[in-house]
Amino acid sequence: SDVYKRQTLPQNNNINIFPIKAFKDNYIWVIQEKLNGIIIDPGEAKPVLEKLKRQNINLMAILITHKHYDHTGGVEELIKHNPDVQVFGPENIEFEFKYTVVKEGDIISIHGTKVKFSVIETPGHTLDHIVYVDKDRLFCGDTLFACGCGKLFEGTYVEMFESLSKISSLDPKTQIYCAHEYTKKNIQFALTLDKENNQLNERYNRLKHVEITIPSILKEELETNPFLRAKTIEEFKLIRKRKDEF
Ligand code: ZN
Ligand code: FE
């Protein structure tokens, strides 16, 4: 039944947030305000075009967290179908579409909506990675996952540790929307390090039959995510290396 399909959290009445699935385990998040929509990290265009058409949503903006194809592969096609769409992303010479470059501390407003985000730079998974945050929620791409964090393809352990520290300092009530469904495997890994952690065991039991485990809440990440619980860079590095081999 639908009850177990998705973890539900209270939402601001004017805003509806839902995922469109892409590839094997990607989520393309849609923020819907009335008939206008904002999407984050469209790796594919087709499922987005179909879903927005079916729901009668106008695509107002595309937010990009980082350069990887599973987050950007649909952008060109979406611009073709929606020539007026606002596109935001990190500085990157590899992008061939037109977009607005955003940096740490920038605040962006989405036309036709009351939605505003500020930008935080979070190098680590890639060097260009950025995340988008407002007072209630964070769209964090492949930097932070539910009970996990992104692999270090480009950045150093120090960079990723500092990027995650920025996220840890946000309001603990912040809802965390990441770009992949890796939660169960991440919790299984976390249990190998921290099997006495009651909140972690509770999280596993609560989510083991849930298909869509996102969003989570920063508070529960602070309590159960081994990468946010690491107190030093050395500890973080050790956990990241173990996870790479898990
Ligand atoms: Zn990535
Ligand atoms: Fe990804």
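Indexing begins at 1, ligand by ligand and atom by atom, following the structure's order.
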Check your understanding: When you measure from the Fe ion (ligand 2) to each N, O or S atom of H71, which atom gives the shortest distance?
Key -> NE2
Check your understanding: Is there side-chain contact between P215 and R137, with at least one heavy-atom pair below 4.5 Å?
Key -> no
Point to revise | Chi angles and distances behind the salt bridge (Lys or Arg N to Asp or Glu O under 4.0 Å) call for R203, E221 | key: CA-CA 10 Å; R203 191 175 191 185; E221 299 305 333; 2.6 Å; yes
Review point. Backbone or side chain, does H125 get an N/O/S atom under 2.8 Å to the Zn ion (ligand 1)?
Key: yes
**Study point:** Closest approach to the Zn ion (ligand 1) by D142, given as the N, O or S atom name
**Key:** OD2
Practice item. For the Fe ion (ligand 2), decide whether D142 has an N, O or S atom at a distance under 2.8 Å. Key: yes
Practice item. Look at the N, O or S atoms of H66, main chain and side chain alike, and state whether any lies under 2.8 Å from the Fe ion (ligand 2). Key: no
Exercise for review: Report yes or no: is the cationic atom of K51 (NZ for Lys, CZ for Arg) closer than 6.0 Å to the six-membered ring centre of F18, at no more than 45° off its axis?
Suggested key: yes
Exercise for review: Answer yes or no as to whether an N/O/S atom of D70 is found below 2.8 Å from the Zn ion (ligand 1).
Suggested key: no
Check your understanding: CZ of F161 to NZ of K237: how many Å apart, nearest 0.5 Å?
Key -> 13.0 Å
Practice item. Apply the test salt bridge (Lys or Arg N to Asp or Glu O under 4.0 Å) to residues E50 and K46: give CA-CA distance (whole Å), side-chain angles for both, the deciding distance (0.1 Å), then the verdict. Key: CA-CA 6 Å; E50 286 172 359; K46 194 164 170 267; 3.4 Å; yes
Review point. Does H68 put an N, O or S atom under 2.8 Å from the Zn ion (ligand 1)?
Key: yes
Practice item. Name whichever N, O or S atom of D70 ends up nearest to the Fe ion (ligand 2). Key: OD2
Review point. Is the shortest heavy-atom distance from the side chain of F88 to the side chain of I110 under 4.5 Å?
Key: yes
Check your understanding: Taking atom types as modelled and ignoring hydrogens, do the side chains of H66 and T126 form a donor-acceptor contact shorter than 3.5 angstrom?
Key -> no
Exercise for review: Measure from the Fe ion (ligand 2) to each N, O or S atom of H68 and report whether any distance is below 2.8 Å.
Suggested key: no
